[in-house]
Amino acid sequence: MQHNDRTVRRVDVALVRWPGDAGDRDRLLAQGMPRLLLVEPGSAPPEPVDGDYLEDWVRVPADDLDIQLRVRGLQARQRAAAIEQPHIDADGILRFRDAWVALPPVEARLVAAMLRRPGTVVSRMALARAGWPDGAPGRNALDVHVLRLRRRIEPLGLAIRTVRARGYLLDLGSESRQQRAREA
């Protein structure tokens, strides 16, 4: 579909009954899929997920227009995020701007954890849980995977910064800094 000489990508939004399908919410959150939670009568609305702007909720029964407008809002946020933010798909392909890189499963899970909280520090413990959901690795294993991940994502203009005694931060602005350094 064409719009103003730019290709407009269709964005799907998952409708999830809350709290009945809470497990689906978790799965969709991990995939970075936009979600509209349909809060069942008498149920408390969900606690917001830190830094997640791809989720909204409405109490049912809801007017069709209310649902359509919330879905459109989520679609607009997803399209904006796709332009501005890196994203990883279910196959471990990390895309940012016009480039991409395939990541092994552990590194894909580490990046996914950092992308859920863009621009914020993710603790070593949270990364260990994300990278190895069946059990925490040794300290060295996380360091080795982060080092490999740094090397893989550098061509995309991304960087992972160490925040001493706190964890790691995915830096989206390294490309412009690298470009300025080359020009200086």
Side-chain angles (χ1 to χ4, degrees), residues 1 3 6-97 100-136 149 153 156 158 167-170 172:
M1 136 172 61
H3 179 69
R6 294 181 63 192
T7 301
V8 177
R9 191 176 121 229
R10 182 172 172 257
V11 176
D12 292 324
V13 174
L15 301 179
V16 179
R17 286 179 327 162
W18 181 264
D21 294 333
D24 289 344
R25 177 199 192 202
D26 296 339
R27 179 180 53 78
L28 294 164
L29 172 66
Q31 294 173 358
M33 175 81 160
R35 303 155 312 281
L36 178 60
L37 305 181
L38 306 173
V39 179
E40 297 169 353
S43 297
E47 289 290 323
V49 179
D50 285 345
D52 185 24
Y53 51 90
L54 296 180
E55 181 172 278
D56 200 352
W57 64 270
V58 65
R59 191 168 302 280
V60 292
D63 183 50
D64 285 343
L65 182 59
D66 289 345
I67 292 174
Q68 289 174 8
L69 291 175
R70 289 182 186 271
V71 165
R72 283 189 211 145
L74 287 165
Q75 289 171 326
R77 284 183 275 190
Q78 175 66 15
R79 280 192 295 272
I83 294 168
E84 304 287 328
Q85 300 289 320
H87 61 280
I88 190 159
D89 65 21
D91 296 318
I93 305 295
L94 176 63
R95 298 175 194 280
F96 186 52
R97 298 187 179 120
W100 62 272
V101 64
L103 299 175
V106 170
E107 293 171 26
R109 290 190 298 267
L110 295 175
V111 165
M114 288 187 250
L115 289 175
R116 280 193 285 278
R117 298 181 55 204
T120 62
V121 176
V122 180
S123 72
R124 292 179 59 84
M125 183 179 294
L127 284 174
R129 280 194 307 263
W132 294 269
D134 296 328
L149 186 55
I153 68 174
L156 301 181
L158 300 171
Y168 297 98
L169 177 133
L170 183 61
L172 309 181

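Atom set for the values below is all heavy atoms of this structure, side chains included, hydrogens, waters and symmetry mates excluded.
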Residue pairs, two or more places apart or on separate chains, that pass side-chain hydrogen bond (donor to acceptor under 3.5 Å, both in side chains) and touch [range]:
| range | answer |
| --- | --- |
| residues 63-74 | D56-R70 |
| residues 121-135 | R124-D143, R124-Y168 |
| residues 20-30 | R17-D21, R25-E55 |

Closest heavy-atom pair and its distance - [X], [Y]:
| X | Y | result |
| --- | --- | --- |
| L94 | P86 | CD1-CB, 4.1 Å |
| S43 | R59 | O-NH1, 2.8 Å |
| P46 | L37 | CG-CD1, 3.3 Å |
| L74 | R35 | CD1-O, 3.3 Å |
| W18 | P45 | NE1-C, 4.0 Å |
| I67 | L38 | CD1-CD2, 4.4 Å |

Inset, instruction - May I ask you to test the I153-L170 pair for a side-chain heavy-atom distance under 4.5 Å? - result: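 Yes, at least one pair of side-chain atoms sits under 4.5 Å.
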At what distance, to the nearest 0.5 angstrom, does [atom1] of [X] lie from [atom2] of [Y]?
| X | Y | atom1 | atom2 | result |
| --- | --- | --- | --- | --- |
| R95 | I88 | CZ | CD1 | 10.0 Å |
| L172 | F96 | CG | CZ | 5.0 Å |
| M33 | D12 | CE | CG | 5.0 Å |

Donor-acceptor pairs are to be reported for all side-chain atoms of residues 100-110 against protein atoms at under 3.5 Å, with residues two or more places apart or in another chain.
unit_1, atom_1, unit_2, atom_2, d
E107, OE1, R152, NE, 2.5
R109, NE, A130, O, 3.4
R109, NE, G131, O, 3.0
R109, NH2, G131, O, 2.8

Inset, instruction - Could you tell me whether a side-chain N or O of D89 sits under 3.5 Å from a main-chain N or O of D91, the two making a donor and an acceptor? - result: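 It does hold such a pair.
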Legend entry - Worked check of side-chain contact (heavy atoms from CB on, under 4.5 Å) between M114 and L149: CA-CA 12 Å; M114 288 187 250; L149 186 55; 4.1 Å; yes
Inset, instruction - Only counting residues at least two apart or in another chain, list the ones meeting side chain to side chain contact (heavy atoms under 4.5 Å, CB included) with T120. - result: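 Here the qualifying residues are R117.
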